[in-house]
Amino acid sequence: MSPELESLSKSCQPFIPTIIAFCCNWCSYGAADLAGVNRTKYPTNLRIVRVMCSGMVHADMVINSLLKGADGVMVLGCHMGDCHYINGNEKAARRAEVIQEMLPDYGLEAQRFRIEWISAAEGGKFAQTAQEMTDLITKLGPNPFKKKGEEPDAC
């Protein structure tokens with residue numbers, strides 16, 4: 001295929017969002033693993049970052065991910081009352097409220113961020129959450145902070 005035709009075919013591909021998922025080592029990372037072991041399908045556009053606790057994910061980690069071009073960010077942790085670090089998920093929940101308020105200040109939709117509680121036994125919920133986030137971000141479109149050339153042109 002000629003370079004011109006190859007370039008044209010690449011430019012007509014649909015938008016596939018890049019979503020960063022900060023996953024708690026003890027629960028949601030285990031759920032991601034369970035989804036894989038069970039061969040549960042979930043979007044391949046998810047980039048999992050394993051953290052020891054959802055409470056360790058600071059607001060600047062979420063904001064920086066979005067400012068560097070991620071189309072969406074999720075923080076996935078243990079259910080309330082089940083945190084291996086006692087109250088890390090409560091800290092994450094408080095931070096999530098602040099993040100939701102900050103995103104419009106950057107010109108970003110608050111829906112580009114999501115926090116969810118998923119236990120290690122909930123591989124199906126992990127897959128469903130990833131699919132829901134992908135569908136939502138696809139509707140919102142590319143992150144305005146994404147650098148030129150990182151996304152295909154519209155057909």
Output a table of donor-acceptor pairs, distance under 3.5 Å, between side-chain atoms of residues 49-58 and any protein atom two or more places apart or on a different chain; print 'none' if there are none.
residue : atom : partner : partner atom : Å
Arg50   : NE   : Asn25   : OD1          : 2.7
Arg50   : NH2  : Asn25   : OD1          : 2.7
His58   : ND1  : Arg95   : NH2          : 3.4

Quick one: pull up [atom1] in [X] and [atom2] in [Y] and give me the separation to the nearest 0.5 Å.
X      : Y      : atom1 : atom2 : answer
Ser28  : Lys125 : OG    : NZ    : 10.5 Å
Thr40  : Gln131 : OG1   : CD    : 12.5 Å
Ile19  : Leu136 : CD1   : CG    : 8.5 Å
Thr129 : Arg114 : OG1   : CZ    : 4.5 Å
Ile20  : Met61  : CD1   : CE    : 10.5 Å
Phe126 : Asn38  : CZ    : CG    : 13.0 Å

Taking all atoms of both residues into account, what is the closest heavy-atom pair of [X] and [Y], and its distance?
X      : Y      : value
Ala92  : Ile115 : O-CD1, 3.6 Å
Asn143 : Gly69  : ND2-C, 3.8 Å
Phe22  : Ser65  : CZ-OG, 3.8 Å
Asp71  : Pro17  : OD2-CA, 3.3 Å
Gly72  : Ile137 : CA-CD1, 4.2 Å

Can you find a pair of side-chain heavy atoms, one from [X] and one from [Y], that are under 4.5 Å apart?
X      : Y      : value
Glu116 : Met133 : no
Tyr29  : Ile48  : yes
Phe145 : Leu66  : no

Q: Anything under 30° is parallel, anything over 60° is perpendicular, the rest tilted; go ahead and classify Trp26 against His84.
A: parallel

Would you tabulate the side-chain donor-acceptor contacts of residues 96-110 under 3.5 Å, counting partners in other chains and residues two or more places apart, or write 'none'?
residue : atom : partner : partner atom : Å
Gln100  : NE2  : Phe113  : O            : 3.2
Glu109  : OE1  : Arg112  : NE           : 2.7
Glu109  : OE1  : Arg112  : NH2          : 3.4

(Q) Starting from Ile118, can I reach Tyr42 by hopping between I/L/V/M/F/W/Y residues whose side chains sit under 4.5 Å apart? (A)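 Yes; Ile118 is reachable from Tyr42 via cluster members.
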
For residues 75-82, please give each side-chain donor-acceptor pair under 3.5 Å, one per line with the distance, not counting sequence neighbours.
residue : atom : partner : partner atom : Å
His79   : NE2  : Glu122  : OE1          : 2.7

Q) Under 6.0 Å from the CG atom of Leu67, do we count more than 12 heavy atoms belonging to anything else shown? A) yes

Q: For Lys91, look at atom NZ and say whether over 12 heavy atoms of other residues, nucleotides or ligands are found less than 6.0 Å away.
A: no

